[in-house]
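A short write-up of the structure that comes next.
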Amino acid sequence: KAGVTQTPRYLIKTRGQQVTLSCSPISGHRSVSWYQQTPGQGLQFLFEYFSETQRNKGNFPGRFSGRQFSNSRSEMNVSTLELGDSALYLCASSLAGDEKLFFGSGTQLSVL
Amino acid sequence: GEDVEQSLFLSVREGDSSVINCTYTDSSSTYLYWYKQEPGAGLQLLTYIFSNMDMKQDQRLTVLLNKKDKHLSLRIADTQTGDSAIYFCAADWGGYNKLIFGAGTRLAVHP
C-alpha cells in the first residue's frame, strides 16, 4: 500500500511569490492534515481537511490556505512568501481523523 | 494552551536500552504518540497509547504513561545504530488530527 505522497520534494522561491504544495493521502484515507516544521518553532499544525471541508486550523496567517478535492488529495497554498516561511511542510493522512496519523516525506521550501 | 516537553539529547551504547521521556500539560489529550524522524525524511509513527492505558508494548518498544504526573516515556530495548534519529512525543489537542509536538529528542547510538 503506497504511503502519503508529497510533491514536489524541494522548492525554491523568492519573497513575494506564491507556492502550491500537493499531497496524495494513503488510499482510503479521507482526512488530510498539514504541518510546518522549522528549526526554531518545531512542528506546528496548519489545518485539517475531511471530505473537502476544513475542520480544524492552527494559528497561522491567512496567507496559508488549503483545499481538499473529492478524491481526498489536498493542496496547500502560501501567498506573498516571506523568508520565515522557509520550512519543511509535512502532510499527514488518517482514515477519518482517528488515532493513526501517517506522514509523508515532506516538501522542503526555501524562500530567498 | 497545551505544551509538550522532552529532553533534547540522549546518547546510549549499542545493545543497551534507551528511555526517552516526555511531559505534557493538557490532561484531556486522548491519544499520545511517539514518532521517529530520520535525516531528510518525514515522521514515522512508532506507536501510540490511549489515555486510559498505562502501558503498551510493541516488540522492542514499551510506552509507559503516568496520567497523574502527565509523563510519557518510550523505552527501546536492545538499541541499534539504526535507531539513531530524532524522536518526537505528541499529544492530540482539539481533535481532528491537531497534534502538539515536543521539540524532539536526538538519540545517538554508539558502539
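We name chains A, B, ... by the order of the sequence lines, and we start the count at 1 in each one. These figures come from a predicted structure and were not determined experimentally.
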Is it the side chain or the backbone of [X] that comes within 4.5 Å of chain A heavy atoms, both, or neither?
X	result
Gln44(B)	neither
Leu99(B)	both
Ala41(B)	backbone
Tyr35(B)	side chain

Checklist entry - When the ring planes of Tyr31(B) and Phe50(B) are compared, do they come out parallel, tilted or perpendicular, using 30° and 60° as the limits? => result tilted

Next on the checklist: Is there a path of hydrophobic side-chain contacts, each under 4.5 Å between heavy atoms of I/L/V/M/F/W/Y residues, joining Leu45(B) to Tyr87(B)?
Outcome noted: yes

Checklist entry - Under a 4.5 Å side-chain heavy-atom rule over Ile, Leu, Val, Met, Phe, Trp and Tyr, are Val4(B) and Leu43(B) clustered together? => result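 Yes, same cluster.
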
Checklist entry - Cationic tip of Arg55(A) within the cone over Phe50(A)'s six-membered ring, i.e. under 6.0 Å and within 45° of the normal? => result yes

Checklist entry - So, are Lys57(A) and Glu48(A) salt-bridged, with charged N and O less than 4.0 Å apart? => result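 Here Lys57(A) does not pair with Glu48(A) in a salt bridge, since their nearest N and O are not under 4.0 Å apart.
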
Select one option (side chain, backbone, both, neither) describing which atoms of [X] are under 4.5 Å from chain B's heavy atoms.
X	value
Leu46(A)	neither
Gln44(A)	neither
Tyr35(A)	side chain

Checklist entry - Are the aromatic ring centres of Phe47(A) and Phe45(A) under 6.0 angstrom apart? => result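 No: the rings miss the under 6.0 Å criterion.
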
